[in-house]
Amino acid sequence: MAVRTRYAPSPTGYLHVGGAWMAFFTWLFTRHDGGQFVLRIEDTDRSRSTEAFEAAILEDLRWLGVAWDEGPDVVGPFGPYRQTERAELYREHAAILVDRGAAYPCYCLPEELETERQRAAAEHRPYRYSGRCRELTPAAHAEMQAAGRHASLRFRVPVTRGTLVVDDLVLGRVEFAAADLDDFIIQRSDGTPLYNFANVVDDHSMRITHITRGAEHLSNTPRQFLMYEAFGWEQPRVAHFPSLLGVDRKKLSKRHGDTAVREYKAQGYLPEALVNFFALMGWYPEDGREIFSVEEMIARFRIEDVGKSGAVFDAQKLTWMNGVYLHQALRQTPERVADLVIEALRGAGLLDGDAGPAQRAYVARVVAIMGDRLRLPKDVLTYGDFFFRDEVVYDPTAVRKQFRGQVTADMLLRLRAALAAVAPFEIGGIEQAVRDTAVALGVESKDVIHPVRVALTGKTVGPGLFELIEVLGRERVLARLEHAARLALETVPQ
RNA sequence: GGCCCCAUCGUCUAGAGGCCUAGGACGCGGCCCUCUCAAGGCUGAAACGGGGAUUCGAAUUCCCCUGGGGCCA
């Protein structure tokens, strides 16, 4: 039988890395087995679900390359794929359970349940629902309804069922005692289904064969299995993936900040880097290789190899990996890197409006000489902001380190004269001019190069000097040297 | 509080009784390369939570404890 899986996000926020990770693993597993992957929107929490979030989640999944075969925007045989459009189905199935005696109306008020709970706590017993509505007589039902009480529906746990075994694809065999469970609510008094119940109905009616979800749902599994039994349905296989943790080792959530996938996208992270990084959390290929294409991941991924323990999301390693992919993109599709850099420059206010062809070509040249220094597009600000500023921002430390008053000023002006004569203004002649100047002054090349770098860029780090001079162009180079010569005179020789 | 899951360097992990003097990667330190930085190469520091048991032999099996996490409340 073909594998059918699903990812079922709630559109109550943007897709976060934990959810994306789960979706990706599910997708990898499905593709490895040549199965079908369904996207289902769990929007029963109407107060917090929005269409905008739903659209954003779809967009972010697509950006990551996680594609679904059926979903809210794809016509499929088991739709609709939004829970709010399936309300009738839940009511019908709840009714089936009531008819079979597997569920019953419960009229207990929240206050009454709270009293039960407190008594249990006072007597140091574990709290379990008392079951007082379990065996109500028809007369009692009528009385409750006459009193204006609306019933919720509770699932009748067969306490004599004994041991419930969950044979998990990741965790292995886990046992629960039916006697530890109490009758749980499957439908609220307003007629809306609870998560656990809607999930079972949906997974079965959508023919899901393998349920993948976060480990936090493991405890729900025995309850769900009981419902499958009550319906007489075949149970799907389950796989609980470990939780994604924040640096505090708590389950990753919005309070950890920077957890939305689109936040990473906005910062210029590449989807292939994100996805490769995801793969390495909880799963490693046999040979310990770390960089591989999606195709390789699909081929190698085995759900049995997924680890059991929660993983901390290490943003530093992700950034390193982004550098690996950025450098790869630099060789294969440099214009893509240029686009990302343009975004970063725009974000920093160093570029405005739409970049014209000339500007794009200029950025491409900058990227060509310094792209291998970038891990993130915004690193362009660290190494090459001077390419995009009219006024060089001088790092005081760099100036203090490299400028020596009159001596430096003379050297800068001498090089200026030499560069003014270089034709064409290309790297070969430029390098010659710099080295000749050093010889003429009786110093080593680097004694010229370092101060000149500060003069032209304001900093001690950056791309090769000869390259950057060429890209900067004669006019700006001459102007900056002249300006820097004056600045040098103001610095006290150390 | 009850139930469940987890446990190797700071982090992601390899390790399914002897191959472990516990390997790799990120990060951190050093060296090389070099006009700087980055990249690259070499290299260093860095872990089996504790206690029992099984075994000739345990990171690897079992039990207890501890710690962390989750679900229900």
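Hydrogens, waters and symmetry mates are skipped; everything else that's a heavy atom, side chains included, is used. Keep in mind that what you see is a predicted model, and the values were worked out from it rather than measured. Chain identifiers are assigned alphabetically (A, B, ...) following the order of the sequence lines, protein sequences preceding nucleic acid strands; residue numbering begins at 1 within each chain.
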Item to complete: Check every strand shown and say whether A:P242 touches a base, only sugar-phosphate, or nothing at a heavy-atom separation below 4.0 Å.
Response: nothing
Between CG of A:L245 and P of B:G70 the distance, given in whole Å, is 8 Å
Could you give the distance separating B:C33 and B:C42 at their P atoms, to the nearest angstrom?
15 Å
Taken to the nearest whole Å, CD1/A:I369 to P/B:U36 is 16 Å
Closest of B:U13, B:U36, B:C35 to the A:R435 side chain is B:C35
Mate of B:U61 across any strand shown (Watson-Crick or G-U wobble, both atom pairs under 3.5 Å) is B:A53
Item to check | Pairwise C1' distance for B:C31 and B:C5, with rounding to whole Å | outcome: 46 Å
B:G40 -> Watson-Crick or G-U wobble partner, both distances under 3.5 Å, gives B:C32
note: A:N322, atom CG; B:G27, atom P; distance rounded to Å ~ 13 Å
Below 4.0 angstrom, N of the basic side chain to O of the carboxylate: do A:R480 and A:E482 qualify?
no
Inset, instruction - Answer with yes or no whether the side chains of A:T319 and A:Y269 bring together a donor and an acceptor at under 3.5 Å. - result: yes
Among B:C35, B:U11, B:C71, the one nearest any side-chain atom of A:H450 is B:C35
Among the nucleotides B:G24, B:G27, B:C6, whichever has the atom closest to the side chain of A:K308 is B:C6
Picking from B:G70, B:U11, B:C35, the nucleotide nearest the side-chain atoms of A:V312 would be B:U11
- prompt: For the ring pair A:F176 and A:F225, is the centre-to-centre distance below 6.0 Å?
  reply: no
Looking only at B:C6, B:C26, B:A38, the nucleotide nearest the A:D314 side chain is B:C26
**Asked** Which is true for A:S445 with a 4.0 Å heavy-atom rule: it touches a base, it touches only sugar-phosphate, or it touches nothing?
**Response** nothing
When both distances are under 3.5 Å in a Watson-Crick or G-U wobble arrangement, the nucleotide paired with B:A16 is none
Exercise. Between A:E490 and A:R486, is the closest basic N to carboxylate O distance under 4.0 Å?
Worked result: no
TODO: For nucleotides B:G67 and B:G44, find the distance between their P atoms and express it as a whole number of Å.
DONE: 37 Å
Closest of B:G70, B:C72, B:A38 to the A:R223 side chain is B:C72
Taking for A:L280 and for A:S309 the nucleotide of RNA chain B with the nearest heavy atom, the one nearer the 5' end belongs to A:S309
*Look at all strands and tell whether A:E431 reaches a base, only sugar-phosphate, or nothing, counting heavy atoms closer than 4.0 Å.*
nothing
Between CD of A:E304 and P of B:A16 the distance, given in whole Å, is 17 Å
Quiz item: Are any of the side-chain nitrogens in A:R373 or A:D379 under 4.0 Å away from the carboxylate oxygens of its partner?
Solution: no
Establish, yes or no, whether the cationic atom of A:R154 lies under 6.0 Å from the six-membered ring centre of A:Y129 and within 45° of the ring axis. yes
Just to be sure I understand the rule, does A:D180 reach a base, reach only the sugar-phosphate, or reach nothing, if contact means heavy atoms closer than 4.0 Å?
sugar-phosphate
Do the side-chain N or O atoms of A:R213 get closer than 4.0 angstrom to the phosphate oxygens (OP1, OP2) of B:C5?
no
Paired to B:A45 by Watson-Crick or G-U wobble criteria (both distances under 3.5 Å) is none
Next on the checklist: Does A:L465 reach a base, just sugar-phosphate, or nothing at all? Heavy atoms under 4.0 Å.
Outcome noted: base
A:F301 ring center within less than 6.0 Å of A:W283 ring center: yes
Only one of A:L169, A:T5, A:D168, A:I303 passes side chain to side chain contact (heavy atoms under 4.5 Å, CB included) with A:R237, and that residue is A:L169
Taken to the nearest whole Å, NZ/A:K317 to C1'/B:G10 is 13 Å
A:F386 CZ to B:U36 C1', in whole Å, measures 11 Å
Contacts of A:L218 and A:G307 projected onto RNA chain B by closest heavy atom; the upstream (5') one is A:L218
Of B:G27, B:G24, B:C71, the nucleotide closest to the side chain of A:W320 is B:G27
If you measure from the P atom in B:G24 to the same atom in B:G1, how many Å do you get, rounded?
43 Å
Regarding the side chain of A:Q316, the nearest nucleotide among B:U36, B:C12, B:C26 is B:C26
Give A:E444 one of three labels, base, sugar-phosphate or nothing, depending on what nucleic acid heavy atoms sit under 4.0 Å from its own. nothing
Which part of the nucleic acid does A:E216 contact within heavy-atom distance under 4.0 Å: base, sugar-phosphate only, or nothing? sugar-phosphate
Handout entry: B:A7 and B:C64, which share atom name P, separated by this distance in whole Å
Key = 16 Å
Should A:R40 and A:D203 be marked as a side chain to side chain contact (heavy atoms under 4.5 Å, CB included) after you check the CA-CA gap, both sets of side-chain angles, and the distance that decides it?
CA-CA 10 Å; A:R40 181 172 76 223; A:D203 285 339; 2.9 Å; yes
When rounded to whole Å, the CZ to C1' distance for the pair A:F466 and B:U36 reads 12 Å
inquiry  = Under 4.0 Å, heavy atoms only, any strand: does A:F176 hit a base, just the sugar-phosphate, or nothing?
reply    = sugar-phosphate
When rounded to whole Å, the CD1 to P distance for the pair A:I291 and B:C12 reads 18 Å
Between B:G49 and B:U34, how far apart are the two P atoms, rounded to whole Å? 45 Å
inquiry  = Taking only the C1' atom of each, what is the distance from B:G10 to B:C28 in whole angstrom?
reply    = 10 Å
What interatomic distance, in whole Å, is found between C1' of B:C71 and the corresponding atom of B:C62? 27 Å
- Give a yes/no answer on whether the side chain of A:R375 brings an N or O atom under 4.0 Å of OP1 or OP2 in B:A39. yes
Inset, instruction - Under 4.0 Å between any heavy atoms, over every strand shown, what does A:G323 touch: base, sugar-phosphate, or nothing? Just pick one. - result: nothing
As its Watson-Crick or G-U partner within any shown strand, both distances under 3.5 Å, B:A7 has B:U66
